[in-house]
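Step one of this worksheet: look at the structure below.
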Amino acid sequence: QVQLVESGGGLVQAGGSLRLSCAASGRAFSTYVMGWFRQAPGKQREFVAVIGWNGSFTDYGDSVKGRFTISRDNAKNTLYLQMNSLKPEDTAVYYCAAKVGLSGNYYLKNYNYWGQGTQVTVSS
């Protein structure tokens with residue numbers, strides 16, 4: 001098992017930046033494919049980004065491509081999400097998640113472990 005704890009959320013003005021972190025503990029972090037998802041009020045949880053075991057593979061949701069960057073530091077057991085050029089529509093609770101294997105990266109049901117989420121609010 002792996003336990004995940006997100007941090008770094010907060011209130012930021014449109015156009016600003018935030019960096020989210022996800023600290024992992026438990027079974028070897030480097031064996032998991034890691035993802036970020038988000039859920040806005042009244043909406044379904046949606047895929048944001050995914051990163052492979054050693055960081056060589058990344059993929060992003062269309063709404064964040066070119067603005068967000070996912071990365072990981074396996075030595076520190078930490079996942080990151082750098083968010084730039086933030087927009088009010090990026091407002092959501094952001095969750096990190098872990099799974100085994102690279103298939104089905106966009107689908108919540110394929111992820112085995114989830115953090116509790118961190119709130120990001122972007123004001124206009």
Side-chain angles (χ1 to χ4, degrees):
Q1 284 193 345
V2 63
Q3 292 77 42
L4 304 172
V5 179
E6 302 95 335
S7 62
L11 174 64
V12 64
Q13 288 187 334
S17 299
L18 280 175
R19 188 175 82 154
L20 305 184
S21 298
C22 172
S25 60
R27 184 183 166 189
F29 175 69
S30 60
T31 65
Y32 290 96
V33 172
M34 298 298 298
W36 285 100
F37 288 77
R38 67 186 183 185
Q39 188 166 17
K43 295 187 177 181
Q44 291 187 337
R45 197 170 298 190
E46 66 171 355
F47 169 77
V48 173
V50 64
I51 188 167
W53 304 279
N54 62 2
S56 60
F57 170 83
T58 59
D59 195 10
Y60 297 89
D62 289 341
S63 61
V64 307
K65 280 181 181 176
R67 299 188 298 122
F68 290 12
T69 302
I70 189 171
S71 62
R72 66 191 296 165
D73 186 337
N74 288 342
K76 295 182 178 180
N77 288 353
T78 304
L79 174 73
Y80 302 100
L81 185 69
Q82 178 66 44
M83 306 186 294
N84 298 330
S85 303
L86 283 161
K87 304 175 181 180
E89 51 263 45
D90 294 319
T91 295
V93 177
Y94 283 71
Y95 300 89
C96 66
K99 69 182 185 73
V100 176
L102 267 179
S103 62
N105 293 324
Y106 303 154
Y107 305 106
L108 281 71
K109 64 181 180 67
N110 292 329
Y111 288 78
N112 306 100
Y113 305 102
W114 291 84
Q116 83 291 347
T118 185
Q119 176 71 47
V120 172
T121 303
V122 184
S123 63
S124 56

State which residues pass side-chain hydrogen bond (donor to acceptor under 3.5 Å, both in side chains) with [X]; sequence neighbours excluded, sorted by chain then number.
X      : value
Tyr107 : none
Ser25  : Gln3
Thr58  : none
Ser124 : none

| side-chain contact (heavy atoms from CB on, under 4.5 Å) with Tyr106: which residues, sequence neighbours excluded? | Phe47, Asp59
| task | Could I get the full list of side-chain contact (heavy atoms from CB on, under 4.5 Å) partners for Ala49, not counting sequence neighbours? | result | Tyr60, Ile70, Leu81
Give a yes or no on whether the backbone of [Y] and the side-chain of [X] come within a donor-acceptor separation of less than 3.5 Å.
X      : Y      : answer
Trp53  : Ser30  : no
Asn110 : Gly104 : yes
Glu6   : Gln116 : yes

| query | Which pairs pass salt bridge (charged side-chain N to carboxylate O under 4.0 Å, His left out) with one or both residues in residues 63-86, sequence neighbours excluded? | reply | Asp62-Lys65, Arg67-Asp90
| Could you give all pairs that pass the salt bridge (charged side-chain N to carboxylate O under 4.0 Å, His left out) test and reach residues 115-124, with sequence neighbours left out? | none
Sequence neighbours left out, cut at 3.5 Å: what donor-acceptor pairs do the side chains of residues 7-19 make with other protein atoms?
| from | atom 1 | to | atom 2 | distance (Å) |
| --- | --- | --- | --- | --- |
| Ser17 | OG | Asn84 | OD1 | 2.9 |

| said: For Leu79 versus Ser71, what's the shortest heavy-atom pair and its separation? | reply: CD1-O, 3.3 Å
| remark: Quick note, ring-ring contact (aromatic ring centres under 6.0 Å, His included) partners involving residues 64-94, not counting sequence neighbours, are none
| note | Residues pairing under disulfide bond (SG atoms under 2.5 Å apart) where one sits in residues 59-117, two or more places apart or in two chains, turn out to be Cys22-Cys96
| said: Glu89: which residues meet the salt bridge (charged side-chain N to carboxylate O under 4.0 Å, His left out) condition with it, sequence neighbours left out? | reply: none
